[in-house]
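Structure first, then comments.
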Protein chains: 2
Amino acid sequence: IIETVNLDKKYTVGDSVVHALDSVSLGIEEGEMVAVTGPSGSGKTTLMNIIGCLAQPDSGSYKLNGQDVSRMAKDQLAEVRNRQIGFVFQSFSLIPRISSLENVELPLLYTGKLSAKAEAREALAQVGLEGRMNHEPNQLSGGERQRVSIARALVTHPSILLADEPTGNLDTKTGEEVLELFTQLNRKGLTTIIVTHDPEVSSRCKRVLRMIDGRIIDDTLNSSN
Amino acid sequence: IIETVNLDKKYTVGDSVVHALDSVSLGIEEGEMVAVTGPSGSGKTTLMNIIGCLAQPDSGSYKLNGQDVSRMAKDQLAEVRNRQIGFVFQSFSLIPRISSLENVELPLLYTGKLSAKAEAREALAQVGLEGRMNHEPNQLSGGERQRVSIARALVTHPSILLADEPTGNLDTKTGEEVLELFTQLNRKGLTTIIVTHDPEVSSRCKRVLRMIDGRIIDDTLNSSN
Ligand SMILES: Nc1ncnc2c1ncn2[C@@H]1O[C@H](COP(=O)(O)OP(=O)(O)OP(=O)(O)O)[C@@H](O)[C@H]1O
Ligand SMILES: Nc1ncnc2c1ncn2[C@@H]1O[C@H](COP(=O)(O)OP(=O)(O)OP(=O)(O)O)[C@@H](O)[C@H]1O
Ligand SMILES: [Mg+2]
Ligand SMILES: [Mg+2]
């Protein structure tokens, strides 16, 4: 369902070049649960942004459902981003002056619905935040913002979940509840890719990709799963 | 050095009241290394903001170095915040359009220095980011932003370090390096309070305070340290 060939991405800052992605090729099947690990700065977020159709590589190809993403028309790309992919951002990216309920409702409004308060409320309940529906992002704790971001990614019932460090601000118990939620959804067919620094999380994924300096250096199966 | 008595803090959102801090009393001696743990939403950041003189409690008292913080004059409070306390924010709070070098230099400029590029560079080197000096925050990975925030907290050589989840976005190895840095500084006398969800981090602190629902329910010593 996700296939990349020789993805390359460089950034230039002043006269130094950062080789964020170096010839990255991977294939992910529908229904897989994959962890992406690696040191800070190894290119994980850059890779996720390309897979999530939020950024373009400098070279190399990315096929989603057999279609070359770089050849997709603008409105088809928007459709993919809104309906097929749920994205949990590493820095949450919530909209400041609206409530968490409204933040979670937004992706459904983008699909054309006029109102989706009930669905948004259910998504927030799934991450234990029904009691924080009316709070704006600056009225939430760090871990609560992270969970609103997770609820927002799931509310459209996407077919692919891309979660960039979804438990970094959560205590062990709450993080476990989130991981259990992801596992249940994966069993029902949600293709799941989780960037994580937490060995507890990567050990729960069937497959683990390890990155260093913009390259995938390891692709292993967790035998226990 | 830090002494709070019956700190209380409530937030009102609509017609619901959140009891973020409930009668919190604690005493921390100079040179201690203390971890603060607890579930998401238990009041840790709220407590740190009061200790860091960034917020006021609704009731209760807070003495820093024997002085009642609520009675301090504005300029004395500013002095304390700029010179005595280093704060690593849970959401980093870097200034967007300036480089990481300039971000780290800023606290020293606030103390009256005209320029502090050398000190800022050294602080960035301590967290492994000399190669990212010229990057602006949006040109950094999540873990790099977190480390710039740590460098900024340490550049003024504070006497108290308040770190709110300083390793949440770091891989195990980089997080270990940061913890080792904190440990070295603590041995030289830096009073250190670390909010953390990571048992690896709290196990490295001599003392662990555990919070639930705005209260401190546990105050234990780590025997191995
Ligand atoms: N817009 C940009 N301009 C310049 N350099 C960038 C930019 N975005 C990212 N980088 C650099 O590219 C490298 C990879 O960044 P990326 O965000 O993908 O890392 P990461 O693996 O997600 O790290 P972390 O675990 O810290 O979140 C980093 O070293 C970063 O400094
Ligand atoms: N400005 C605010 N208005 C209303 N409620 C708030 C506000 N700030 C925090 N809260 C609430 O107070 C509670 C405690 O927040 P706090 O940020 O101290 O938690 P925390 O222990 O740091 O959590 P985390 O581990 O998720 O960062 C949370 O439930 C949060 O929703
Ligand atoms: Mg990242
Ligand atoms: Mg917090």
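Here the structure is a predicted model, which means the values were calculated and not measured. Side chains included, hydrogens not; waters and symmetry mates left out as well; all remaining heavy atoms used. All chains are named by letter (A, B, ...) in the order of the sequence lines, taking the proteins before the strands, and each is independently numbered beginning at 1.
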Side-chain contact, heavy-atom cut-off 4.5 Å: B:T172 with A:H197?
no
If you tally heavy-atom pairs under 4.5 Å against chain B, which of A:K173, A:H135, A:R145 wins?
A:H135
Enclosure of B:E180 CD (heavy-atom neighbours >12, cutoff 6.0 Å)
yes
Check each atom of B:E144 against the heavy atoms of chain A and say whether the ones under 4.5 Å are side chain, backbone, both or neither.
both
Within a radius of less than 6.0 Å around CD of B:E122, do more than 12 heavy atoms belonging to other residues, nucleotides or ligands occur?
no
Tell me, side chain or backbone of B:S141 under 4.5 Å from chain A's heavy atoms, or both, or neither?
side chain
Does atom CZ of B:R121 have more than 12 heavy-atom neighbours, drawn from other residues, nucleotides or ligands, at distances under 6.0 Å?
no
Before giving the answer on side-chain contact (heavy atoms from CB on, under 4.5 Å), spell out for A:V13 and B:E136 the whole-Å C-alpha distance, their side-chain angles and the decisive distance to 0.1 Å.
CA-CA 9 Å; A:V13 177; B:E136 293 177 6; over 6 Å; no
Would you find more than 12 non-hydrogen atoms of other residues, nucleotides or ligands less than 6.0 Å from B:N6 atom CG?
yes
Any chance you could measure A:D15, atom CG, to B:N134, atom CG, to the nearest 0.5 Å?
8.5 Å
Residues, nucleotides or ligands: over 12 heavy atoms within 6.0 Å of B:Q184 CD:
yes
Within a radius of less than 6.0 Å around CZ of B:R81, do more than 12 heavy atoms belonging to other residues, nucleotides or ligands occur?
yes
Output the distance between atom CG (B:D171) and atom CD1 (A:I212), rounded to the nearest 0.5 Å.
9.5 Å
Find the distance between CD (B:Q146) and OG (A:S40) and round it off to the nearest 0.5 Å.
8.5 Å
Verify the neighbour count for atom CD of B:E102: are there more than 12 heavy atoms of other residues, nucleotides or ligands below 6.0 Å?
yes
pair B:Q139-A:V18: side-chain heavy atoms closer than 4.5 Å:
no
Chain B: which of A:T196, A:T174, A:N169 shares the most heavy-atom pairs with it under 4.5 Å?
A:N169
